[in-house]
Protein chains: 2
Amino acid sequence: MPARTSAPDRATYFPQLAAERPDIALCRASTVVARAAETAAHEHGIGVGQHLVLKMLAAVGPRSQQALSEELRIDRSVMVGIADELERSGYIRRERDPADRRAYAVTLTAAGRRALTQAEKYIPEFLDRTFAALTTAERDQLAALLGKLLT
Amino acid sequence: MPARTSAPDRATYFPQLAAERPDIALCRASTVVARAAETAAHEHGIGVGQHLVLKMLAAVGPRSQQALSEELRIDRSVMVGIADELERSGYIRRERDPADRRAYAVTLTAAGRRALTQAEKYIPEFLDRTFAALTTAERDQLAALLGKLLT
DNA sequence: TATTGTTATACTCTATAACTATA
DNA sequence: TATAGTTATAGAGTATAACAATA
């Protein structure tokens with residue numbers, strides 16, 4: 001995809017294009033939302049990837065980096081860096097899995113759980129701001145459609 | 001956003017995440033769709049950006065690269081390369097705007113119009129394949145929601 | 001031989017800043 | 001001084017391949 005810029009003051013042709021090409025509209029909406037998510041996350045001292053890892057560990061318990069990679073669709077070579085930062089912050093521990101000593105059992109610490117709770121606080125407000133153009137019902141509709149598309 | 005990989009065979013935690021976080025779902029759906037669009041476009045010998053420029057020129061007539069950039073949300077430095085390729089293919093001409101000799105009047109050629117017609121042919125089939133998980137009504141719903149979000 | 005975590009590398013995408021010619 | 005087109009560069013994001021330790 002070509003490099004995108006932020007929206008100009010007035011738009012004439014673009015809405016027509018977005019209506020005809022849902023794929024283009026999807027990509028443009030994604031860049032706007034992704035930028036907002038990354039900014040919001042960094043303002044709260046944590047990356048989106050870090051947040052997702054903490055969230056998944058809290059939901060499903062200790063997992064290998066491999067399992068985290070697959071489930072969160074984050075490349076395992078990128079997962080290394082995310083785990084590094086989380087460990088440096090004291091939010092996770094890398095314990096060796098006794099059953100398979102190639103793998104770690106990435107484990108959420110008490111500090112990590114607190115950091116997650118803290119980070120989760122700004123999410124509703126962030127979603128509210130980012131999806132302000134849509135009503136609650138429309139947001140649910142959008143989430144359902146995207147979920148179906150991703151199956 | 002962290003690097004993403006293609007989906008694993010079975011998913012357990014991810015659907016739950018997608019339901020809770022429409023922003024994440026949006027970004028993941030976008031990567032899948034963008035990849036498919038780029039692949040499909042290249043198979044037909046034209047980039048997504050090139051296609052959009054031809055399409056806009058056909059819709060609104062000759063425009064400066066600046067106008068194309070703003071309306072299509074493509075950075076003007078990227079637009080240079082797109083126009084280069086289109087001109088090399090003989091699909092556009094760069095004519096100087098007599099009223100403002102700083103600007104070009106980027107003009108669609110007959111060959112460009114034919115190329116556009118040809119390229120447009122695979123789009124419905126591509127959209128059908130890419131959004132196969134959704135019904136026609138759901139696709140329209142999605143397009144409408146995204147359009148509203150992008151306003 | 002295959003897999004986990006790791007590192008390195010290349011390649012694309014995007015943002016930014018300059019430069020020129022015009023206004 | 002500002003704008004249109006151009007070029008160059010730097011920084012992310014992403015894909016890929018290799019390696020050591022273990023299975």
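In the text below, chain A, chain B and the rest are named by the order of the sequence lines, each starting its count at 1. Because only heavy atoms are used, hydrogens play no part in the values below, and waters and symmetry mates are left out as well, while side chains stay in. Just so we're clear, the structure is a prediction, and the values are computed from it rather than from any experiment.
- Side-chain N or O atoms of B:Thr130 include none that pairs as donor or acceptor with a backbone N or O of B:Leu127 at under 3.5 Å.
- Here D:dT6 presents its P atom at 13 Å from CD of B:Glu85, a figure rounded to the nearest Å.
- Between the A:Glu138 side chain and the A:Thr135 main chain, a donor and an acceptor come within less than 3.5 Å of each other.
- The side-chain hydrogen bond (donor to acceptor under 3.5 Å, both in side chains) test applied to B:Thr107 returns B:Glu95, not counting sequence neighbours.
- Regarding B:Asp84, its CG atom lies at a distance of 7 Å from the P atom of D:dT7, rounded to whole Å.
- The CZ atom of B:Arg73 sits 14 Å away from the P atom of C:dA15 (whole-angstrom rounding).
- Atom P of nucleotide C:dG5 and atom OH of A:Tyr104 are separated by 8 Å, given to the nearest angstrom.
- The end-to-end axis angle of the helix from C:dT1-D:dA23 to C:dA23-D:dT1, rounded to 10 degrees and based on five pairs per end, is 10°.
- When distances run from any side-chain atom of A:Arg35 to the nucleotides D:dA15, D:dA4, C:dT14, the shortest one goes to C:dT14.
- With sequence neighbours excluded, no residue satisfies side-chain hydrogen bond (donor to acceptor under 3.5 Å, both in side chains) with B:Gln141.
- Contacts of B:Gln66 classified as side-chain hydrogen bond (donor to acceptor under 3.5 Å, both in side chains), with partners at least two apart in sequence or in another chain: B:Glu70.
- Put simply, CE on B:Met79 is 15 Å from P on C:dC13, counting in whole angstrom units.
- If you measure from atom CD1 of B:Ile74 to atom P of C:dA15, you get 12 Å, rounded to the nearest angstrom.
- Taking atom CD1 on A:Ile82 and atom C1' on C:dG5, their separation rounds to 14 Å, with Å as the unit.
- Between C:dT14, C:dG5, D:dG5, one nucleotide has an atom nearer to the side chain of A:Val80 than all others, and that is C:dG5.
- Contact annotation: A:Gln65 side-chain N/O to C:dT4 OP1/OP2 distance is not under 4.0 Å.
- Panel note: side chain B:Arg139, backbone B:Phe131; a donor-acceptor pair is recorded below 3.5 Å.
- In this structure, B:Glu87 places its CD atom 12 Å from P of D:dG5, rounding to the nearest Å.
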Using residues 44-53 of chain B as the side-chain source, report each donor-acceptor pair under 3.5 Å to any protein atom, sequence neighbours left out, with the distance given to one decimal.
residue	atom	partner	partner atom	Å
B:His44	ND1	B:Ala40	O	2.8
B:Gln50	NE2	B:Glu85	OE1	3.0
B:His51	NE2	B:Glu120	OE1	2.9

note = Per-nt protein contacts along nucleotides 16-23 of chain C (heavy atom under 4.0 Å; B base, S backbone sugar-phosphate only, - none) come out as B-B---BS

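- With hydrophobic clusters built from ILVMFWY side chains whose heavy atoms lie under 4.5 angstrom apart, B:Leu134 does not share a cluster with A:Ile24.
- For the pair A:Gln65 (side chain) and A:Ala83 (backbone), a donor-acceptor distance under 3.5 Å is absent.
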